[in-house]
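The model shown is predicted, which means the values in this text are computed figures rather than measured ones. Letters A, B, ... mirror the listed sequences (proteins, then strands); counts begin at 1.
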Protein chains: 2
Amino acid sequence: MKKLIEKHRKLGLKVTPQRLAILKYLDGNKNHPSAEDIFREIKKEYPTVSFATVYNTLQALRDKGEINEVTIDWEKKHYDPNPKPHHHIICTECNKIGDVFKDYSEALRLPGNIAEEFKPVRNHINFYGVCRDCQKKEKRRN
Amino acid sequence: MKKLIEKHRKLGLKVTPQRLAILKYLDGNKNHPSAEDIFREIKKEYPTVSFATVYNTLQALRDKGEINEVTIDWEKKHYDPNPKPHHHIICTECNKIGDVFKDYSEALRLPGNIAEEFKPVRNHINFYGVCRDCQKKEKRRN
DNA sequence: TTCCAAGTTTAGAATAATTCTAAATTAGGA
DNA sequence: TCCTAATTTAGAATTATTCTAAACTTGGAA
């Protein structure tokens with residue numbers, strides 16, 4: 001709590017109550033919330049909070065490298081407070097997102113012809129699959 | 001031309017003039033056009049064509065597996081008439097998209113813990129980099 | 001060749017995530 | 001305590017995409 005505040009002051013971010021609420025909500029959160037998820041949560045404590053505040057804060061945190069924008073869901077961005085690079089898997093049935101902590105970088109060399117056209121900087125793997133819950137539902141249907 | 005028509009009739013798609021124009025525009029196109037790119041092109045020949053037609057056709061083709069939706073650009077979808085699975089690289093400066101034809105699937109095993117939670121079905125790698133033109137521009141600026 | 005049902009096209013409205021605006025407020029260093 | 005730069009807010013704007021419902025076409029069948 002104190003640490004959260006100090007950490008963000010040091011980053012040059014003013015710590016407003018709304019921001020603090022967002023920081024607390026994100027801290028350690030493994031659910032890959034969307035901006036709306038965050039907005040709804042913060043609204044409970046600060047009923048007048050606006051979407052702009054949520055987006056502003058998320059952008060500031062992203063620019064400071066504190067959070068990752070997750071773009072595996074075409075519908076909307078999700079936010080991941082784990083700034084360590086990693087990959088994601090999404091359930092094609094329910095859109096649940098999971099983390100994939102494994103460094104594949106050795107294997108991800110670009111073929112020569114395209115390496116001439118582009119200087120690669122980073123990469124991200126999107127895995128698509130079916131989560132446990134949806135596998136169960138599938139079975140029930142059959 | 002004749003082949004394009006026959007091929008799509010066989011897929012159960014009615015071949016209208018607008019569709020044929022879209023098919024011809026996409027055939028062999030390596031530029032990863034967006035829906036708007038396609039719309040603007042078709043509009044030259046069919047000034048009353050609507051976005052709905054472009055999107056309908058693209059969806060039909062996608063559902064038949066004839067084209068791939070490319071989602072590497074968060075701003076908008078792009079369309080790739082090469083139905084063979086492959087990966088993409090996007091220039092972080094100008095959003096130009098390139099194809100990466102290499103099968104990485106052997107290397108992309110999921111770690112055990114996440115494999116218990118999700119049954120993987122497919123994957124797609126997004127590479128981010130800087131294209132030749134933008135590398136040149138960068139140099140000029142320095 | 002003609003007919004017709006199912007599929008397609010169209011203009012425009014609707015949707016939804018995100019960004020912008022400009023005025024009011026607040027954090028936090030001096 | 002003050003002050004300025006950053007932040008918040010409500011609401012409007014933006015943008016890609018989807019939806020709607022009426023009019024029109026396609027292509028197989030009679």
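We find that B:R40 and B:D37 are joined by a salt bridge, their nearest charged nitrogen and carboxylate oxygen being less than 4.0 Å apart. Salt bridge status for B:R109 with B:E106: present, with a side-chain N to carboxylate O gap under 4.0 Å. Taking 4.0 Å as the cut-off between side-chain N and carboxylate O, B:E6 and B:R9 count as a salt-bridged pair. Classification of B:K77 and B:E69 as a salt-bridged pair holds, one side-chain N sitting under 4.0 Å from a carboxylate O.
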Name the atoms and distances for all side-chain donor-acceptor pairs under 3.5 Å in residues 119-127 of chain B, with sequence neighbours left out.
| residue | atom | partner | partner atom | Å |
| --- | --- | --- | --- | --- |
| B:H124 | ND1 | B:N126 | OD1 | 3.2 |
| B:H124 | NE2 | B:H86 | O | 3.3 |
| B:H124 | NE2 | B:H88 | ND1 | 3.0 |

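Residues passing the side chain to side chain contact (heavy atoms under 4.5 Å, CB included) test with A:E41 are A:Y25, A:K44, sequence neighbours excluded.
There is no path of hydrophobic side-chain contacts, each under 4.5 Å, that joins B:Y104 to A:Y128. Tracing side-chain contacts under 4.5 Å through hydrophobic residues (I, L, V, M, F, W, Y), one never reaches B:L110 starting from A:F101; they form parts of separate clusters.
Bounding nucleotides for the chain B contact on DNA chain D, 5' to 3', at a heavy-atom distance below 4.0 Å, are D:dA16 to D:dG27.
Non-hydrogen atoms lying under 4.0 Å from DNA chain C are contributed by B:T48, B:V49, B:S50, B:A52, B:T53, all within residues 42-54 of chain B. Within residues 55-79 of chain B, the residues that place at least one heavy atom under 4.0 Å from DNA chain D are, in residue-number order, B:Y55, B:Q59, B:E75, B:K76, B:K77.
Side chain of A:R132 to main chain of B:F118: no donor-acceptor pair is present (N/O by atom type, distance under 3.5 Å, no hydrogens or angles). Formation of a donor-acceptor pair under 3.5 Å by the A:T57 side chain with backbone atoms of A:T53 is found in this model. A distance-only check finds no donor-acceptor pair linking the side chain of B:N68 to the backbone of B:V70 [under 3.5 Å].
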Show me the protein contacts with nucleotides 26-30 of chain C, counting only N or O atoms at under 3.5 Å.
| residue | atom | partner | partner atom | Å |
| --- | --- | --- | --- | --- |
| C:dA27 | N3 | A:K14 | NZ | 3.1 |
| C:dG28 | OP1 | A:R9 | NE | 2.8 |
| C:dG28 | OP1 | A:V15 | N | 3.0 |
| C:dG28 | OP2 | A:R9 | NH2 | 3.0 |

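B:C131 contributes atom SG, which lies 11.5 Å from atom CD1 of B:I97 (distance to the nearest 0.5 angstrom).
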